[in-house]
Amino acid sequence: DKIISSLRSKLVEAEKSQGSLLQEAEKMKADIQTLVARLEEAEGVACEIEVYKSSCVELQNTIDDGKKEVTSLKEKLRRVTKASKDNEANIEELTESLVR
């Protein structure tokens with residue numbers, strides 16, 4: 001009778017222990033699901049950051065191209081201005097020679 005009682009109490013303890021382990025396993029499963037969801041969010045953010053970086057690189061390239069174009073246009077303007085001044089000087093010189 002004592003043996004049966006002892007075995008029953010051990011069985012009850014084992015069932016309680018198993019129940020606790022099952023609860024702990026469920027909590028771990030929930031934690032893992034939360035971590036997976038956070039990882040997916042982080043991957044999404046990382047992807048957005050890569051797209052942003054790519055856009056920044058494209059924008060910087062456009063800015064660099066624009067700066068080169070501005071430099072080129074300034075040089076053309078300088079040449080045209082010089083040619084215009086030279087032409088004005090020639091016209092003035094011709095006008096003076098006609099007056100003489």
Side-chain angles (χ1 to χ4, degrees):
D1 190 37
K2 285 186 178 183
I3 294 174
I4 292 174
S5 177
S6 173
L7 288 174
R8 279 187 183 164
S9 73
K10 286 182 182 180
L11 179 61
V12 168
E13 285 180 32
E15 287 174 345
K16 285 181 182 178
S17 177
Q18 183 181 9
S20 294
L21 289 174
L22 286 174
Q23 286 178 346
E24 192 174 328
E26 286 299 317
K27 287 179 184 176
M28 290 175 140
K29 182 180 176 183
D31 290 344
I32 290 170
Q33 289 172 340
T34 300
L35 291 173
V36 167
R38 286 184 181 173
L39 177 61
E40 288 172 354
E41 288 176 24
E43 287 173 341
V45 169
C47 185
E48 289 175 14
I49 289 170
E50 286 304 314
V51 169
Y52 175 76
K53 284 181 181 179
S54 177
S55 296
C56 287
V57 168
E58 287 179 29
L59 186 58
Q60 185 61 50
N61 290 340
T62 302
I63 290 170
D64 292 343
D65 291 345
K67 285 179 180 178
K68 289 176 187 173
E69 185 68 23
V70 166
T71 301
S72 174
L73 289 172
K74 282 182 180 179
E75 182 59 27
K76 285 179 184 176
L77 180 61
R78 187 190 63 75
R79 287 194 306 263
V80 167
T81 302
K82 183 181 182 313
S84 175
K85 286 180 181 178
D86 290 347
N87 286 340
E88 285 178 24
N90 287 340
I91 290 170
E92 193 174 310
E93 199 175 292
L94 288 171
T95 303
E96 286 175 11
S97 70
L98 286 174
V99 170
R100 290 184 217 147

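Sequential numbering from 1 along the given sequence is applied to the chain's residues. This one's a predicted model, so the numbers in the text were calculated from it and none came from an experiment.
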Partner residues of [X] under the salt bridge (charged side-chain N to carboxylate O under 4.0 Å, His left out) criterion, sequence neighbours left out:
{"X": "D86", "answer": "K82"}
{"X": "R8", "answer": "none"}
{"X": "K16", "answer": "none"}
{"X": "K10", "answer": "none"}

With sequence neighbours excluded, what pairs up with [X] under the side-chain contact (heavy atoms from CB on, under 4.5 Å) test?
{"X": "E96", "answer": "E92, R100"}
{"X": "K85", "answer": "T81"}
{"X": "S17", "answer": "L21"}

How long is the gap from [atom1] on [X] to [atom2] on [Y], to the nearest 0.5 Å?
{"X": "S55", "Y": "E50", "atom1": "OG", "atom2": "CD", "answer": "11.0 Å"}
{"X": "I91", "Y": "L98", "atom1": "CD1", "atom2": "CG", "answer": "11.5 Å"}
{"X": "S97", "Y": "N90", "atom1": "OG", "atom2": "CG", "answer": "10.5 Å"}
{"X": "E24", "Y": "S20", "atom1": "CD", "atom2": "OG", "answer": "8.5 Å"}
{"X": "L77", "Y": "S84", "atom1": "CG", "atom2": "OG", "answer": "10.0 Å"}

List the atom pairs, donor and acceptor, that lie under 3.5 Å between side-chain atoms in residues 32-43 and the rest of the protein, sequence neighbours left out.
residue	atom	partner	partner atom	Å
T34	OG1	A30	O	3.0

Residues 56-74 side chain polar contacts: donor-acceptor under 3.5 Å, at least two apart:
residue	atom	partner	partner atom	Å
Q60	NE2	D64	OD1	3.0
N61	ND2	V57	O	3.4
T62	OG1	E58	O	3.0
T71	OG1	K67	O	3.0

Members sharing [X]'s hydrophobic cluster (side chains within less than 4.5 Å):
{"X": "L7", "answer": "I3"}
{"X": "L22", "answer": "none"}
{"X": "V80", "answer": "none"}

Quick check on E75: does its CD atom have over 12 non-hydrogen neighbours (other residues, nucleotides or ligands) under 6.0 Å away?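 Enclosed.
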